[in-house]
There are 2 protein chains.
Amino acid sequence: MDTVGLRQRKKQRTREALIEAAVALFCANGYDATTVDQIAEAVEVSPRTFFRYFTSKQDIALSLADEQITAMLTAFEAQPAGLPVLTAMRQAVVEVVRAAAASAPHGRMRDLVSGSPALTAARFERGSARLDEVARLVGARMGVDQATDPRPRLMAAVALCAVPTAVDAWRSAGRDEPDADLVEQAFDLLAAGLDYPAAEISEPR
Amino acid sequence: MDTVGLRQRKKQRTREALIEAAVALFCANGYDATTVDQIAEAVEVSPRTFFRYFTSKQDIALSLADEQITAMLTAFEAQPAGLPVLTAMRQAVVEVVRAAAASAPHGRMRDLVSGSPALTAARFERGSARLDEVARLVGARMGVDQATDPRPRLMAAVALCAVPTAVDAWRSAGRDEPDADLVEQAFDLLAAGLDYPAAEISEPR
DNA sequence: CGTCATTCTGTCAGTCAATGACAAGTGTCG
DNA sequence: CGACACTTGTCATTGACTGACAGAATGACG
């Protein structure tokens, strides 16, 4: 096989160089102001080649986010078997977020993604695309069939969509705590249930 | 004032004609295969004018989704004051989804949106954009300050992101029930809490 | 009614993302 | 080395979107 062929190594290096250049340019000039041509030029490949490595400009911006979902899946599987599912999910997400906070490129990209509506939207697209994968693991851990039981998919939707959205919303509302803490809090609230009572006292008129 | 000026009425008519033409073309040929030029031509305006009414092609596709969020907010406010917040939210969403199911253009657009990843992502963008609005109403109903209490925003994120995502996932997994029923189920599950236990019996090896 | 300012629209030119087709270069393997 | 597959660059094209400018429609007012 060609596991370590020169050709493969070259491709891998090009791919990494493209990501590195893209992240640098995005951080320096912003996502929208960075053109594919600039990224390609920084790595000295043709713009056409860029699109042979990444299907779109969004694609490269979200390659890191993609890795995070994969990492989250791995972490989720690694959780002790007896753990309640939501707890296992929380641990997995927190682990990944902690690791990302310590990594410079991930940290910079997080701000970029939450700063650009287009990227925020694209991140959801990624999440939705991998929702089945997450649901499958959740179902396995619960010992139910994710094809017939709706709960695994619902939990996947919550983990992939509601939690990041809530964290983003909290951040933009001025909460400066580390992401991991906000994630913990989101899961705590979800575990406690959302069935809040209405205000008891009728407002003064 | 110019509340009913000829100019205003004309603009309104153009806007509606554009939406109508866009929906028709999207349904006939699909979202991606429909060009802005085609939409503009169908209404006999210049393509440039299209972008003076809608900021993007996605924008016009989601104008209906936008109306639904607004309708949901109205319905939420109209719920009886004593209702638990999650129940009120569920009623509001169900009402809107029911109404949409009865409306031909909304129904067709729903399939279009869930069929196109780009539109699904864009719908989230819309949702996130209005998350604060929703959170404010939720906070008001709970009698808490949405600036300091994280729960309203979390619930808004769940209602705007997790529920639609779960419903989409269920549909694509083959569940054919009416959307309203799926929404009810999602909220029921959320009200019951997500803290599912792990499977008790270790799998055979 | 005529004039002027405002607002809306069309035309034009241009940028950028993305894709198909073809040719030329580079790695792989017998 | 030489046939072959894979990768890349060049070229051309489409489609979304924007800025600038000119001209037409509209509304306000004397």
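Excluded from the calculations below are hydrogen atoms, water molecules and symmetry mates; all remaining heavy atoms, backbone and side chain alike, are included.
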Rounded to whole angstrom units, what separation is found between the [atom1] atom of [X] and the [atom2] atom of [N]?
X: F50(B); N: dT18(D); atom1: CZ; atom2: C1'; result: 14 Å
X: R9(A); N: dT7(D); atom1: CZ; atom2: C1'; result: 16 Å
X: R48(A); N: dG9(D); atom1: CZ; atom2: P; result: 11 Å
X: D37(B); N: dA16(D); atom1: CG; atom2: P; result: 7 Å
X: Q58(A); N: dA18(C); atom1: CD; atom2: C1'; result: 12 Å
X: E44(B); N: dG10(C); atom1: CD; atom2: C1'; result: 14 Å
X: I60(A); N: dA18(C); atom1: CD1; atom2: P; result: 11 Å
X: F51(A); N: dC11(D); atom1: CZ; atom2: P; result: 18 Å

Next on the checklist: Against the six-membered ring of Y31(A), is K57(A) placed for a cation-pi contact (under 6.0 Å from the centre, within 45° of the normal)?
Outcome noted: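 Ring-cation test returns yes.
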
Next on the checklist: Can you confirm if the NZ or CZ of R108(B) lies within 45° of the ring axis of F26(B) and under 6.0 Å from the centre of its six-membered ring?
Outcome noted: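 Relative to the ring axis of F26(B), which defines the angle, R108(B) lies outside at least one limit.
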
Checklist entry - Taking the nucleotide of DNA chain C with the closest heavy atom to each, which residue, R52(A) or T35(A), is nearer the 5' end? => result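 It is T35(A) whose nearest nucleotide is closer to the 5' end.
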
Checklist entry - In terms of the nearest nucleotide of DNA chain C, which residue is placed more toward the 5' end: K10(B) or S56(A)? => result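 Result: K10(B).
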
Kindly point out which of [options] is positioned nearest to the side chain of [X]?
X: R7(B); options: dT26(D), dA5(D), dA17(C); result: dT26(D)
X: K57(A); options: dA18(C), dG10(C), dT7(D); result: dA18(C)
X: K11(B); options: dA20(D), dC8(C), dT28(C); result: dC8(C)

Checklist entry - Step by step, would you call E184(B) with Q91(B) a side chain to side chain donor-acceptor pair (under 3.5 Å)? => result CA-CA 8 Å; E184(B) 297 259 26; Q91(B) 308 275 46; over 6 Å; no

Next on the checklist: Keeping T120(B) on the side-chain end and V113(B) on the backbone end, is there a donor-acceptor pair under 3.5 Å?
Outcome noted: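 Confirmed, T120(B) side chain pairs with V113(B) backbone.
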
Checklist entry - Side chain of R171(B), backbone of E177(B): donor and acceptor closer than 3.5 Å? => result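 It does hold such a pair.
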
Checklist entry - Is any side-chain N or O of Y53(B) closer than 4.0 Å to OP1 or OP2 of dC8(C)? => result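 Y53(B) to dC8(C) OP1/OP2: no side-chain N or O under 4.0 Å.
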
Next on the checklist: Does dG10(C) have its OP1 or OP2 closer than 4.0 Å to a side-chain nitrogen or oxygen of T49(B)?
Outcome noted: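 True: T49(B) side-chain N/O within range (under 4.0 Å) of dG10(C) OP1/OP2.
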
